[in-house]
Amino acid sequence: PEVRETVADYGAALKVKAQGKEIPELTMEGVEQQKVSDNLMADYISSEKAYMLELYCNQRNQFLFGPENRTMEKIFVDDETMMDEAKKQLKDSFVKLYSEQKEKMFPIVVRIVADRNAKMGAITAAKQKLIQAYEVARRELSETYPRELVDECLIPRFYYASPKAFADVPAGISDKGIPLPGYEIRFFVDNAEVGELKDFSLDELSSKIKQLCEENQSENFSVSLKIPSDASEGVVYDIKQILRKGYMLRLNLVQGLQN
């Protein structure tokens with residue numbers, strides 16, 4: 001996999017906001033080094049280098065895993081084989097990177113590319129397998145390589161590319177006035193809840209964000225988004241785009257019950 005630029009932290013995204021700039025089509029997950037989270041709304045491209053692997057999910061919720069932008073080299077993985085294959089590729093990537101970089105290591109991250117009709121539940125389950133793969137790879141590599149370098153490279157980190165649309169009717173929100181049953185969103189400032197919406201439309205979401213920004217002169221917004229278990233990547237992405245436009249870049253994604 002090629003070494004390329006990835007996404008900076010939340011503070012860097014706010015810097016972009018202050019400059020009046022907006023860089024679309026890229027969101028980062030796992031910007032906090034010491035934990036895995038869905039606080040992945042930052043769309044600012046930094047100079048931070050990363051060794052990139054890619055997980056692709058099609059509209060049938062089938063997965064390919066392997067080097068970024070090299071479809072022929074990706075391996076088909078399912079629920080039973082994903083963890084082992086991901087662990088192998090993470091370990092191989094580390095060994096290759098160590099042989100080339102030695103002490104100047106950088107993170108090995110996973111880029112998630114999904115069809116708009118892929119189900120978020122499948123992607124969430126796949127991420128859990130990848131987190132397990134990171135943990136096992138880190139433990140096994142620490143027996144041979146310096147622990148500090150292993151930890152530096154193999155903290156689970158994910159980011160999203162914009163979803164693909166291969167279906168005849170790609171999932172998404174064509175009418176911003178239509179309510180979304182089963183979707184709930186809560187807004188926080190400095191960990192205090194300041195608003196919520198249930199079964200909202202995108203128009204209602206945009207209006208709520210505008211209202212909250214006027215009422216709360218703060219850049220410390222965070223958002224909790226609860227989605228039904230059958231939610232599609234396309235619909236969730238459209239919601240994220242509205243949040244990004246309002247610079248609400250800290251997102252926790254919660255999977256709900258079957259709608």
Side-chain angles (χ1 to χ4, degrees), residues 1-7 25-30 36 38 40 49-101 105-145 149-167 170-171 229 231-234 236-237 253 255:
E2 63 178 302
V3 174
R4 58 170 291 174
E5 294 179 342
T6 181
V7 176
E25 305 305 332
L26 190 64
T27 57
M28 163 76 186
E29 183 156 331
V36 183
D38 281 307
L40 215 337
K49 299 297 182 180
Y51 197 90
M52 205 70 59
L53 296 170
E54 187 171 86
L55 178 72
Y56 172 71
C57 180
N58 68 15
Q59 59 183 306
R60 298 181 180 87
N61 303 309
Q62 298 168 323
F63 291 94
L64 293 172
F65 186 77
E68 184 191 29
N69 296 327
R70 303 182 194 175
T71 303
M72 298 303 295
E73 296 181 30
K74 288 184 172 61
I75 305 296
F76 172 77
V77 290
D78 57 20
D79 187 64
E80 294 182 359
T81 62
M82 184 176 297
M83 199 278 283
D84 288 338
E85 181 60 34
K87 180 194 73 171
K88 176 182 181 301
Q89 294 203 36
L90 287 167
K91 291 178 66 176
D92 290 347
S93 298
F94 179 91
V95 172
K96 182 178 186 295
L97 187 59
Y98 185 81
S99 68
E100 296 172 352
Q101 300 293 128
M105 303 286 279
F106 32 77
I108 300 172
V109 305
V110 176
R111 176 178 187 254
I112 297 175
V113 183
D115 190 277
R116 290 187 70 93
N117 289 59
K119 299 302 182 184
M120 287 300 300
I123 296 170
T124 300
K127 284 194 301 181
Q128 293 304 313
K129 293 289 184 180
L130 293 179
I131 291 170
Q132 293 175 24
Y134 268 101
E135 292 173 351
V136 176
R138 191 165 61 244
R139 183 171 63 248
E140 294 181 359
L141 286 166
S142 295
E143 297 175 359
T144 306
Y145 297 91
L149 294 180
V150 173
D151 287 344
E152 178 182 350
C153 290
L154 292 175
I155 294 297
R157 300 180 71 178
F158 311 103
Y159 79 88
Y160 289 108
S162 56
K164 307 296 182 181
F166 295 112
S229 59
S232 68
E233 168 70 16
V236 173
Y237 180 78
L253 197 61
Q255 198 81 26

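Atom set for the values below is all heavy atoms of this structure, side chains included, hydrogens, waters and symmetry mates excluded.
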Please examine the side chains of [Y] and [X], heavy atoms only from C-beta on, and report whether any two atoms are closer than 4.5 Å.
X      : Y      : answer
Lys91  : Leu141 : yes
Phe65  : Met82  : no
Glu233 : Lys119 : no
Tyr98  : Thr144 : no

Query raised in the report: Do Gln128 and Gln132 have side-chain atoms, one donor and one acceptor, less than 3.5 Å apart?
Result: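 No - no donor-acceptor pair under 3.5 Å links their side chains.
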
Query raised in the report: Can you tell me if Asp78 and Thr81 form a side-chain donor-acceptor pair at under 3.5 Å?
Result: yes

Give, for atom [atom1] of [X] and atom [atom2] of [Y], the distance between the pair rounded to the nearest 0.5 Å.
X      : Y      : atom1 : atom2 : result
Glu140 : Leu90  : CD    : CG    : 11.0 Å
Cys153 : Asp151 : SG    : CG    : 9.5 Å
Ile108 : Asp92  : CD1   : CG    : 10.0 Å
Glu68  : Leu53  : CD    : CG    : 9.0 Å
Arg139 : Leu154 : CZ    : CG    : 12.5 Å
Lys87  : Leu130 : NZ    : CG    : 14.0 Å

Can you name the closest pair of heavy atoms from [X] and [Y] and give their distance?
X      : Y      : answer
Tyr51  : Phe106 : N-CD1, 4.0 Å
Asp115 : Asn58  : CB-C, 3.8 Å
Leu149 : Phe94  : O-CE1, 3.9 Å
Ile123 : Ala114 : CD1-CB, 3.6 Å

Query raised in the report: Does Lys74 use its side chain to pair, donor to acceptor, with the backbone of Pro67 at less than 3.5 Å?
Result: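 Looks like yes, one N/O pair under 3.5 Å.
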
Query raised in the report: Taking the side chain from Ser142 and the backbone from Arg138, do they hold a donor-acceptor pair closer than 3.5 Å?
Result: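 Confirmed, Ser142 side chain pairs with Arg138 backbone.
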
Query raised in the report: Hey, mind stepping through Val236 and Tyr160 against side chain to side chain contact (heavy atoms under 4.5 Å, CB included) and telling me if it holds?
Result: CA-CA 12 Å; Val236 173; Tyr160 289 108; over 6 Å; no

Query - Lys129/Val77 under side chain to side chain contact (heavy atoms under 4.5 Å, CB included): CA gap, chis, key distance, verdict - result: CA-CA 11 Å; Lys129 293 289 184 180; Val77 290; over 6 Å; no

